[in-house]
A.B. asks: 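Take this structure, written in structure tokens, and hold onto it; I'll ask about it next.
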Number of protein chains: 2
Amino acid sequence: MAKLNTTTPSGFPEFSPAEQRVVRHWKKTIAEIFEKHGFPLIETPLVERTENFEAKGGNPKEIYVLDRLHSDSADQDSAKSRAIRFDHTVPLALFVARNFNDLAFPFRRSVIGPVMRGERAQKGRFRQFDQCDIDVIGNGSLSLANDAQMVVIIAEIFAKLMPEQKFVIRINNRKILTGIANFLGIEPRKYLEVIDQKDKVSADKHKQMLKELCPDEDQMKMFFEKGFKDKNFNESWGKGKIEECFNILKNSFGELNEECLQGINEMEEVCKILFKNFGISHLNCIFDYKIARGLDYYTGTVYETNLLNEDGSINTSLGSICSGGRYDDLAGVFTGKDLPGVGISIGLTRLLWQLFDAKIIEPKQSSSSEAIILFRSPELLSKAIKIGQKLREKNIAIENYFEPKKIQKQFAYADKMGIPVRVIVGEKDIVVENRGNSEELKAKIEAIL
Amino acid sequence: MAKLNTTTPSGFPEFSPAEQRVVRHWKKTIAEIFEKHGFPLIETPLVERTENFEAKGGNPKEIYVLDRLHSDSADQDSAKSRAIRFDHTVPLALFVARNFNDLAFPFRRSVIGPVMRGERAQKGRFRQFDQCDIDVIGNGSLSLANDAQMVVIIAEIFAKLMPEQKFVIRINNRKILTGIANFLGIEPRKYLEVIDQKDKVSADKHKQMLKELCPDEDQMKMFFEKGFKDKNFNESWGKGKIEECFNILKNSFGELNEECLQGINEMEEVCKILFKNFGISHLNCIFDYKIARGLDYYTGTVYETNLLNEDGSINTSLGSICSGGRYDDLAGVFTGKDLPGVGISIGLTRLLWQLFDAKIIEPKQSSSSEAIILFRSPELLSKAIKIGQKLREKNIAIENYFEPKKIQKQFAYADKMGIPVRVIVGEKDIVVENRGNSEELKAKIEAIL
């Protein structure tokens, strides 16, 4: 028999045992924060009718469909009519369409789970990856407070998961950009795409792109430097003087057209709620005219989130770690109804892969337990099991070592798993050792024993 | 344009908004109990090389493979060479093979997630469903304490999730059955299959099956009534006299052959650890010779779990809600190594579907929040948001209603979501109402405000 190739297929990643613990911690924390803000986890099938993905603009080249190993032409599963989700937004739209009458609006949901895209597999790009999304969908209208809430949730997640790491949430409003484009007589979509490339291509290359877009260099310059780059604008923001900032923007762009003004007004409203009511620091959230999310379907507020280097500059090698925005029309194609929404998404698999790769996170422990019970000789196993049960009844996550091996082998297991606290059951005594930073747990265990 | 069919594809289920909350609660609870006992969550890809599934005996008719919507023959993803997992056991074997040198043995892992099988879709049978599995894998050997631990974990899960519901875990050891079959000169596999049908077909039908298997009716009867059905056996078990039980079995079957005796000895050891060390009630766990798991690859201990009717009889309409067993050879085909294991699996999607269908669980609330903040007039929204932030900072999961709607509309939302506690922000006062059983949360909120 030919030797089997047991490696993972290209683009279908698997984290190492120690990395898995970080994945679990992140998912658990993200889910808890989503829920704390009123976004229940809702799971939809991995598989939907292909036609529904096509209707919502999935890239047909990247869509995976189901087939049977032994095809049976009578079965719908074998005719490319069943496709695997490539994001969580289309399944959300379908869920809303299917459950419309049972839902209370605004409808909030979170989801943490895999999607698949047939991208060209390359370093750090995967064909299966987890996305963590939240969205809130209004029936006919949706308050801008929801746009502000997204920033609050992003900030809470990264402050909790990476307390030592500085980050910034950059926000903008698409209407300001499309308003400027329309004023300049440039196709808005093209304008957004060029703006979007600002941090992604070289300065020279970007200059060239701008020039092609708007041959009148002075005019284009004005729209990059006026207002957005106004020294007073940045100073006012730094001091949290939100009204002053937006007065500067209104003076610069507000009179261009109705669209621009509306974008500025929306942004101002979002920022007031964000800074004054939610109490978010203006240092964690900045206005950035370069945030366009060019390839997406957003129509209002847009978000990107970046880690900061030690000098306060943006870590560009990682890209945005959490993005999203407001969209006017979630499920019109499915429901015929006006359902505006706003949402954000964390590309978890890619993000964690990058954080491991850059050694920003270095996983050490592969066990889920902080503590383990070892025993000095085989006849002490029953005593060790009883102690384990007693501790677990007090809700301590502690595993029992069960194999009749020498104590050195048991220690080697605990070391390899990275379990810091060891309860060692001897004939005459029980010793609790802490080889990590778990003094508190050690004391807790000692108090129970 | 033809109207789109937005329903879920046949066999790919979706729970209702209120049911989703139960799904989340079950998954969260199961994961926490798995981890508490030392089984970290490990996620493997949904997709593996098809050859590896075939090598481990997947039913080829049920295996789903990937294809691209726009096939590109140069890509491996379009040649039936990538298949979607049909269980969590083969992916576990592959994970162990891939990470062998990085793992500490015994290696424990849990997994909660979807698998796909191309079964004929029918009521309560799905093509995509979640399974919750744990397994522990030894390198060369694995203590029987691990077999006992599985029962402890099953018991803890169902006691926590369905505290009012009585259940029983039925255990057996395959070696006893195959020993008897070999003694009788019956093909063990056929014997196991017939035993397995005992509770699944009519008494007459089963009698007929037994007759075909072993034409000597007296002989067959003896092996069903001797020992297993011994009055003293059942009485001793009821009184927790495990040694007495196993002496009866040894007298009945122990001398048939070595295999039988080994099975009885293993079972006795597991039961001693279970009842004496782990302290499990003998009422929650019974010995049942009819548990065979005929179609699986088990070689020692086997488990099934059933809910009990009010009269203490087994709820046969639901079938086993958690099953598993010990297997000698997890990954020999991939690693060439001797890796014995023991594990259990809960077919979560099917189980919850049945519990909802039978109204054993009746979901009422679709929100993840126990509390919500409402406001009497639009200008009070900013105050309401501040209160929400204050409460969330104290780790209370409370959602804010953001839309500038009349208070009646806000109440209607809270009612539809089933949120029991409402904090109503007025001009001069803040009122906390409890319309459910959440007096404690109400008091906690009042104390913070």
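These numbers were taken from a predicted model, which means no experiment stands behind them. Every heavy atom of this structure was used, including side-chain atoms; hydrogens, water molecules and symmetry mates were not. Below, chains carry the letters A, B, ... as their sequence lines are ordered, and counting in each starts from 1.
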A.B. asks: For the pair E43(B) and R21(A), find out whether any cationic side-chain nitrogen is under 4.0 Å from an anionic carboxylate oxygen.
C.D. replies: no
A.B. asks: Side chain from CB out, backbone as N, CA, C, O: work out which of these in I84(A) comes under 4.5 Å of a heavy atom of chain B, or both, or neither.
C.D. replies: side chain
A.B. asks: Will you find, in the side chains of N59(A) and R117(A), an N or O donor that is under 3.5 Å from an N or O acceptor?
C.D. replies: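 Distance-only check fails for N59(A) and R117(A).
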A.B. asks: Given a strict heavy-atom distance threshold of 4.5 Å, which part of D130(B) is in contact with chain A: side chain, backbone, both, or neither?
C.D. replies: side chain
A.B. asks: Find the one option among R108(B), E156(B), E32(B), M417(B) whose heavy-atom pairs under 4.5 Å with chain A are most numerous.
C.D. replies: R108(B)
A.B. asks: Could you tell me which of D415(A), L94(A), V47(A), I372(A) has the largest number of non-hydrogen atom pairs under 4.5 Å with chain B?
C.D. replies: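 Of the candidates given, the most pairs with chain B belong to V47(A).
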A.B. asks: Which pair of heavy atoms, one from N400(A) and one from G388(A), lies closest together, and at what distance?
C.D. replies: OD1-CA, 3.6 Å
A.B. asks: Between the side chains of E399(B) and K36(A), is the shortest nitrogen-to-carboxylate-oxygen separation below 4.0 Å, so that they form an ion pair?
C.D. replies: no
A.B. asks: Taking all non-hydrogen atoms of both residues into account, name the closest pair between K80(A) and T50(A) and its distance.
C.D. replies: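 In this case the closest contact between K80(A) and T50(A) is O-OG1, 2.8 Å.
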A.B. asks: Non-hydrogen atoms of chain A under 4.5 Å away: do they reach the side chain of Q128(B), the backbone, both or neither?
C.D. replies: side chain
A.B. asks: Output yes when E403(A) and K409(A) qualify as a salt bridge under the 4.0 Å nitrogen-oxygen rule, no when they do not.
C.D. replies: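 Judged by the 4.0 Å cut-off on N to carboxylate O distance, E403(A) and K409(A) do not form a salt bridge.
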A.B. asks: Return the option, out of F15(A), F39(A), F95(A), F34(A), with the maximum number of heavy-atom pairs under 4.5 Å with chain B.
C.D. replies: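 Top count of heavy-atom pairs under 4.5 Å with chain B: F95(A).
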A.B. asks: Give, as side chain, backbone, both or neither, the part of E19(A) having an atom under 4.5 angstrom from any heavy atom of chain B.
C.D. replies: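 For E19(A), neither part sits under 4.5 Å from chain B.
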A.B. asks: Look up atom CD1 in I112(B) and atom CD1 in I134(B), then write down how far apart they are to the nearest 0.5 Å.
C.D. replies: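 Between atom CD1 of I112(B) and atom CD1 of I134(B) there are 10.0 Å.
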A.B. asks: Does any heavy atom of chain A fall under 4.5 Å from the side chain of E54(B), the backbone, both, or neither of them?
C.D. replies: side chain
A.B. asks: Which residues pass the side-chain hydrogen bond (donor to acceptor under 3.5 Å, both in side chains) test with S366(B), not counting sequence neighbours?
C.D. replies: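 Scan of S366(B) (side-chain hydrogen bond (donor to acceptor under 3.5 Å, both in side chains), adjacent residues dropped) gives none.
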A.B. asks: Calculate, to the nearest 0.5 Å, the distance between atoms CG and OH belonging to L46(B) and Y64(B) respectively.
C.D. replies: 14.0 Å
A.B. asks: Does any backbone or side-chain atom of F105(A) lie under 4.5 Å from a heavy atom of chain B? Answer side chain, backbone, both or neither.
C.D. replies: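 Contact with chain B involves the backbone of F105(A) alone.
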A.B. asks: Just give me the residue among P13(A), A145(A), S369(A) that pairs up with chain B most often, heavy atom to heavy atom, under 4.5 Å.
C.D. replies: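 Option with the greatest count: A145(A).
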A.B. asks: Any idea which of I398(A), I419(A), I273(A) has the most non-hydrogen atom pairs under 4.5 angstrom with chain B?
C.D. replies: I398(A)
A.B. asks: Check each atom of V136(A) against the heavy atoms of chain B and say whether the ones under 4.5 Å are side chain, backbone, both or neither.
C.D. replies: neither
A.B. asks: Just grab all the salt bridge (charged side-chain N to carboxylate O under 4.0 Å, His left out) pairs involving residues 4-18 of chain A, residues at least two apart or on different chains.
C.D. replies: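 Those involving residues 4-18 of chain A are E14(A)-R98(B).
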A.B. asks: Is chain B contacted by the side chain of P404(A), its backbone, both, or neither, given a heavy-atom distance below 4.5 Å?
C.D. replies: side chain
A.B. asks: Run the numbers on F126(A) and F12(A) for ring pair (Phe, Tyr, Trp, His ring centres under 6.0 Å), then give the verdict.
C.D. replies: CA-CA 6 Å; F126(A) 307 111; F12(A) 294 89; 9.6 Å; no
A.B. asks: Would you mind checking which part of L142(B) comes under 4.5 Å of any heavy atom in chain A, side chain (CB onward), backbone (N, CA, C, O), both or neither?
C.D. replies: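 Both backbone and side chain.
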A.B. asks: Is chain A contacted by the side chain of P17(B), its backbone, both, or neither, given a heavy-atom distance below 4.5 Å?
C.D. replies: both
A.B. asks: What part of E48(B) is in contact with chain A, defined as an atom under 4.5 angstrom from a non-hydrogen atom: side chain, backbone, both or neither?
C.D. replies: both
A.B. asks: Quick one: what part of R109(A) sits under 4.5 Å from any heavy atom of chain B, side chain, backbone, both or neither?
C.D. replies: neither
A.B. asks: Give me the atom names and distance for the closest heavy-atom approach of G113(B) to R85(B).
C.D. replies: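 Where G113(B) meets R85(B) most closely, the heavy atoms are C-NH2, 4.1 Å.
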A.B. asks: For N146(B), is it the side chain, the backbone, both, or neither that has a heavy atom closer than 4.5 Å to a heavy atom of chain A?
C.D. replies: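 N146(B) touches chain A through backbone and side-chain heavy atoms alike.
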A.B. asks: Counting only non-hydrogen atoms closer than 4.5 Å, does E370(B) touch chain A with its backbone (N, CA, C, O), its side chain (CB onward), both, or neither?
C.D. replies: neither
A.B. asks: For the candidates K61(A), E35(A), K386(A), which exhibits the highest count of non-hydrogen atom pairs separated by less than 4.5 Å from chain B?
C.D. replies: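 It is E35(A).
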A.B. asks: Go through the atoms of F278(A) and report whether side chain, backbone, both or neither lie under 4.5 Å from a heavy atom of chain B.
C.D. replies: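 Looking at F278(A), backbone and side chain both touch chain B.
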A.B. asks: Under 4.5 Å, counting heavy-atom pairs only, tell me which of L103(A), T44(A), V23(A) racks up the most with chain B.
C.D. replies: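 The residue among L103(A), T44(A), V23(A) with the greatest pair count is L103(A).
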A.B. asks: Do you know which of G38(B), A397(B), P45(B) has the most heavy-atom pairs with chain A at a distance under 4.5 angstrom?
C.D. replies: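 The option with the most such pairs is P45(B).
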A.B. asks: If you take all heavy atoms of L274(B) and A148(B), which pair is closest and at what distance?
C.D. replies: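 For L274(B) and A148(B), the tightest heavy-atom pair comes out as CD1-O, 3.3 Å.
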A.B. asks: Checking K276(A) against chain B: side chain, backbone, both or neither under 4.5 Å from a heavy atom?
C.D. replies: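 It is the backbone, since no side chain atom gets that close.
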A.B. asks: Which residue out of D102(B), T8(B), N99(B) racks up the most heavy-atom pairs below 4.5 Å with chain A?
C.D. replies: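 So the answer, after comparing D102(B), T8(B), N99(B), is T8(B).
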A.B. asks: To the nearest 0.5 Å, how far apart are OG1 in T349(A) and CZ in F129(A)?
C.D. replies: 8.0 Å
A.B. asks: Can you tell me which portion of P60(A) sits under 4.5 Å from chain B's heavy atoms? Options are side chain, backbone, both or neither.
C.D. replies: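 Contact with chain B involves both backbone and side-chain atoms of P60(A).
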A.B. asks: Is there a donor in the side chain of T7(B) and an acceptor in the side chain of R49(A), or the other way round, less than 3.5 Å apart?
C.D. replies: yes
